[in-house]
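Here's the structure, in structure tokens; my notes come after.
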Amino acid sequence: MQSLKTGKVQIYAPDGAQQEPDADDRQLLELAEAYEEKDYHCQITVRKNWTVMYQLAESRVNLIEWLELEPGAEVLELGAGCGTITSALIKKGLRVTCQEERLAYCKVNALRHSQDPITIYALPLDQCLKMQERKYDVIFALELPASEEGTRQLIGTLSGLLKPHGFLVLAVKNKFGLKYWAGNPQMDTHKYFAGLENAGVRMHSKSSLSKLLRENGLDFQEFYYPYPDERFARDIYSDRYLPKKGDLNYNIVNYEGDRLLLFDEQKVFDSILEEGQFPFFANAYLCLASAKERTAQEASYTRYASDRSREHAVRTQIVEESVRKQAIYVQGTAHIAHILQAYERLREQYADTDLTFNKCAAGCDAQGNKYAQFERLHGQALQEQIGQAAALGQMQKIFDILRRMMQYIRSGGAGVPFTRTDDFTAVFGQDADEAVLRQTICSPVCDIDLILENIIVDADGKWNVIDYEWTFFFPVPQNFIIYRTLFFLNHENPDREELSMERLLEFAEIPAQEAAVYARMEEAFQRYVTGGLVPYREMVNRMERRFFNVVQLKADYDRIAAQNELLKGKGIWKAVRKIKKKLTGDKE
């Protein structure tokens with residue numbers, strides 16, 4: 001056994017371990033040596049390499065970052081890879097031991113965390129355990145074996161490594177996940193429907209995993225549903241907070257390769273939600289399992305807005321009857337403080353209307369990190385109301401809602417003329433046409449995200465604004481807020497002529513020239529939010545991954561077949577054969 005040291009990190013590897021690094025390994029080692037973690041995002045989008053993205057993308061930690069873990073707890077992380085999850089565990093103040101068989105990955109992990117006293121075993125799990133006699137508070141196994149017997153053996157081993165109140169954190173690809181029905185190949189075999197058909201791989205369902213855990217004395221289980229899947233989770237749902245219609249709209253995430261597209265996953269998910277079957281068809285599970293009941297109560301729902309600059313990346317959680325918005329990185333603390341100011345300024349500006357802004361107060365977690373806390377309001381979002389009206393063809397109801405919304409926007413506080421400020425330019429860019437903007441009426445305090453999904457209608461019919469994160473304290477055209485509302489409404493209903501952008505702008509009395517300025521402002525705003533970084537959701541296109549729409553392919557085939565039949569009917573194929581024979585010298 002050889003011992004390797006990198007800073008404070010200790011690596012144990014087999015004697016003579018000479019795993020030759022491949023091209024991906026070399027890229028990863030180069031990145032770890034030359035760049036800090038904050039620079040990984042940019043490098044990932046430039047290099048367009050799936051392995052690099054999977055091993056280093058910071059949004060990988062969304063799967064477990066939200067868990068409440070006791071500082072100082074002893075943690076074992078299996079399959080630690082290049083240490084992205086390790087980073088999140090270290091930041092929580094945990095004492096971390098890692099196991100990862102690939103030596104190159106262990107070296108990357110050590111380079112990333114050279115200032116942290118962690119131990120890494122570049123060994124199979126059984127050899128790792130022979131070198132230590134220790135029990136753990138928490139064990140992370142975020143990639144289970146692709147066989148039922150392998151998982152049974154692993155869980156049996158891990159359950160014996162837990163302290164009396166310890167627990168496992170397991171991530172599972174659901175064999176019945178909708179993505180696999182819809183045309184994503186199974187990741188291990190790269191075959192379509194392999195998990196569904198038990199063809200060369202035995203993936204796990206919620207019930208089969210739960211049964212294996214109970215067989216090993218882990219009777220207390222909490223299941224969560226990472227969406228779109230366990231790799232780069234944006235949302236973490238639970239049985240206490242399940243998605244609503246329209247929520248599951250982020251489904252083209254085939255970063256690792258091409259896929260088929262058999263149906264519209266969002267529409268099918270909406271049907272599944274209507275039937276109450278989401279837990280069965282969720283793409284992945286995160287399970288917390290223990291022999292004794294845990295007293296800690298995790299958030300019932302978490303959403304990550306991590307495809308942003310570090311100054312703006314936030315985590316939103318529902319904890320009991322409150323909603324918390326917290327910075328993911330220390331650079332975002334000023335952004336959270338700004339939300340608290342926005343509440344006071346907006347409440348004052350809209351005091352003469354009956355539009356209500358959900359009360360915001362400052363809070364602080366166990367580690368001393370501040371967050372903005374809101375009351376959890378119950379009701380129906382305007383987006384949902386309009387979606388139902390659109391499905392029933394109730395266009396008048398939709399335009400009544402929009403008319404009321406525009407009235408609020410245009411009557412909130414005294415309108416002021418447009419004045420370009422440095423802050424305006426920083427957010428909305430230099431390209432906004434000055435001549436057009438000077439003809440607009442502005443609000444001095446402007447919540448540009450006053451859109452349909454951010455307004456809840458309560459039982460009394462009162463409109464409540466639940467999120468005002470993007471509020472600015474300089475003049476912004478009121479029509480820009482309206483434009484954004486209409487833009488997102490059109491995006492949700494692209495096939496409805498009544499809700500075409502042209503008709504919506506005409507209804508709002510926003511001229512095309514003015515709307516063009518707002519389109520450029522929106523593009524600049526998105527760059528401001530991301531800090532110029534390419535969002536990871538764009539990596540499917542950057543890596544030139546394809547999806548094949550089977551319905552469209554069938555239609556194309558039928559069209560070509562019909563054209564061929566038409567050509568045959570006109571005797572063209574007979575003429576073609578004659579020409580061919582003449583060219584090749586064949587006799588008739």
Side-chain angles (χ1 to χ4, degrees), residues 41 44-45 47-54 57-60 62-63 171 173-196 203 225-237 243-273 278 281-285 303-308 383 387 453 487-495 522-523 526 529-530 533-556:
H41 190 133
I44 289 167
T45 55
R47 294 171 187 249
K48 307 174 189 176
N49 179 296
W50 160 242
T51 301
V52 171
M53 179 181 177
Y54 183 74
E58 55 267 45
S59 54
R60 281 276 311 284
N62 294 355
L63 182 66
K173 299 175 178 66
N174 177 19
K175 70 179 296 179
F176 296 118
L178 189 66
K179 62 186 281 187
Y180 301 113
W181 301 89
N184 279 276
Q186 198 278 330
M187 192 171 173
D188 298 311
T189 64
H190 305 290
K191 294 180 179 179
Y192 293 102
F193 314 116
L196 294 168
M203 295 172 68
Y225 313 105
Y227 173 82
D229 56 29
E230 81 291 350
R231 301 172 306 170
F232 305 103
R234 184 190 69 177
D235 303 271
I236 311 289
Y237 293 100
K244 301 178 180 62
K245 286 183 66 175
D247 286 347
L248 305 179
N249 54 15
Y250 184 34
N251 300 301
I252 305 298
V253 290
N254 51 304
Y255 307 106
E256 69 277 21
D258 299 337
R259 62 162 290 184
L260 301 177
L261 188 64
L262 301 181
F263 50 74
D264 186 326
E265 284 164 85
Q266 180 177 347
K267 291 180 180 177
V268 176
F269 262 133
D270 284 347
S271 297
I272 288 169
L273 294 173
F278 174 71
F281 288 102
N283 289 326
Y285 302 121
R303 163 165 282 196
Y304 285 89
S306 51
D307 258 359
R308 299 177 176 182
Q383 183 182 38
E453 67 175 301
F487 174 84
F488 292 120
L489 173 60
N490 170 257
H491 182 72
E492 291 292 324
N493 299 272
D495 300 325
E522 178 65 19
E523 291 174 1
Q526 294 301 331
V529 172
T530 62
L533 296 174
V534 177
Y536 285 135
R537 63 179 178 271
E538 297 294 332
M539 290 303 292
V540 170
N541 297 324
R542 287 228 161 191
M543 292 191 286
E544 298 181 345
R545 304 310 190 202
R546 299 171 296 173
F547 57 90
F548 301 96
N549 188 321
V550 174
V551 175
Q552 186 60 52
L553 290 173
K554 172 65 166 57
D556 291 343

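Computed from a predicted structure; not experimentally measured.
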message = Using the rule given for side-chain contact (heavy atoms from CB on, under 4.5 Å), can you reason through Y227 versus F269, listing the C-alpha separation, both sets of side-chain angles and the distance that settles it, and then say yes or no?
response = CA-CA 12 Å; Y227 173 82; F269 262 133; 4.2 Å; yes
Does [atom1] in [X] sit with more than 12 non-hydrogen atoms of other residues, nucleotides or ligands closer than 6.0 Å?
| X | atom1 | value |
| --- | --- | --- |
| W181 | CH2 | no |
| F488 | CZ | yes |
| F263 | CZ | yes |

Quick one: [atom1] on [X] to [atom2] on [Y], what's the gap to the nearest 0.5 Å?
| X | Y | atom1 | atom2 | value |
| --- | --- | --- | --- | --- |
| R542 | E544 | CZ | CD | 11.0 Å |
| E58 | I44 | CD | CD1 | 6.0 Å |
| Q526 | R308 | CD | CZ | 9.0 Å |
| E453 | Q383 | CD | CD | 5.0 Å |

request  = Could you check Y250 against R234 for side-chain contact (heavy atoms from CB on, under 4.5 Å), going step by step and ending with a plain yes or no?
outcome  = CA-CA 9 Å; Y250 184 34; R234 184 190 69 177; 3.7 Å; yes
Donor-acceptor pair, [X] side chain versus [Y] backbone, under 3.5 Å?
| X | Y | value |
| --- | --- | --- |
| R545 | Y255 | yes |
| D247 | K244 | yes |
| D270 | K245 | no |
| N283 | K179 | yes |
| N251 | L248 | yes |
| H41 | V534 | yes |

inquiry  = Before you tell me yes or no, could you show the steps for F548 and L261 under side-chain contact (heavy atoms from CB on, under 4.5 Å), namely the whole-Å CA-CA distance, both residues' side-chain angles and the distance that decides it to 0.1 Å?
reply    = CA-CA 5 Å; F548 301 96; L261 188 64; over 6 Å; no
query = Looking at Q186 and G195, what are the two nearest heavy atoms and their distance?
reply =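 Heavy atoms of Q186 and G195 come nearest at CG-N, 4.2 Å.
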message = Give me the atom names and distance for the closest heavy-atom approach of V540 to I252.
response =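 Looking at all heavy atoms of both residues, the closest pair is CG2-O, 3.6 Å.
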Does the side chain of [X] reach to within under 4.5 Å of the side chain of [Y], using non-hydrogen atoms?
| X | Y | value |
| --- | --- | --- |
| L178 | V268 | yes |
| M53 | Y536 | yes |
| L489 | H491 | no |

Any ion pair linking [Y] and [X] (charged N to carboxylate O, less than 4.0 Å)?
| X | Y | result |
| --- | --- | --- |
| K173 | E230 | yes |
| D235 | R303 | yes |
| R231 | E256 | yes |
| K48 | E538 | no |

request  = State whether Y54 and R60 meet the cation-pi test: NZ (Lys) or CZ (Arg) under 6.0 Å from the six-membered ring centroid, and within 45° of the perpendicular axis.
outcome  =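 The answer is yes, since R60 meets both limits relative to Y54.
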Steps toward side chain to side chain donor-acceptor pair (under 3.5 Å) verdict (S306, N62) = CA-CA 9 Å; S306 51; N62 294 355; 3.2 Å; yes
task = Tell me, with the steps shown, if F232 and V253 meet side-chain contact (heavy atoms from CB on, under 4.5 Å).
result = CA-CA 9 Å; F232 305 103; V253 290; over 6 Å; no
request  = Run the numbers on F281 and F176 for ring pair (Phe, Tyr, Trp, His ring centres under 6.0 Å), then give the verdict.
outcome  = CA-CA 6 Å; F281 288 102; F176 296 118; 7.8 Å; no
query = Could you go step by step and tell me if N490 and E492 meet the side chain to side chain donor-acceptor pair (under 3.5 Å) rule?
reply = CA-CA 5 Å; N490 170 257; E492 291 292 324; over 6 Å; no
Candidate list Y180, Y285, Y225, test side-chain hydrogen bond (donor to acceptor under 3.5 Å, both in side chains), partner N174, passing option =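 Looking at Y180, Y285, Y225, the match for N174 under the side-chain hydrogen bond (donor to acceptor under 3.5 Å, both in side chains) is Y285.
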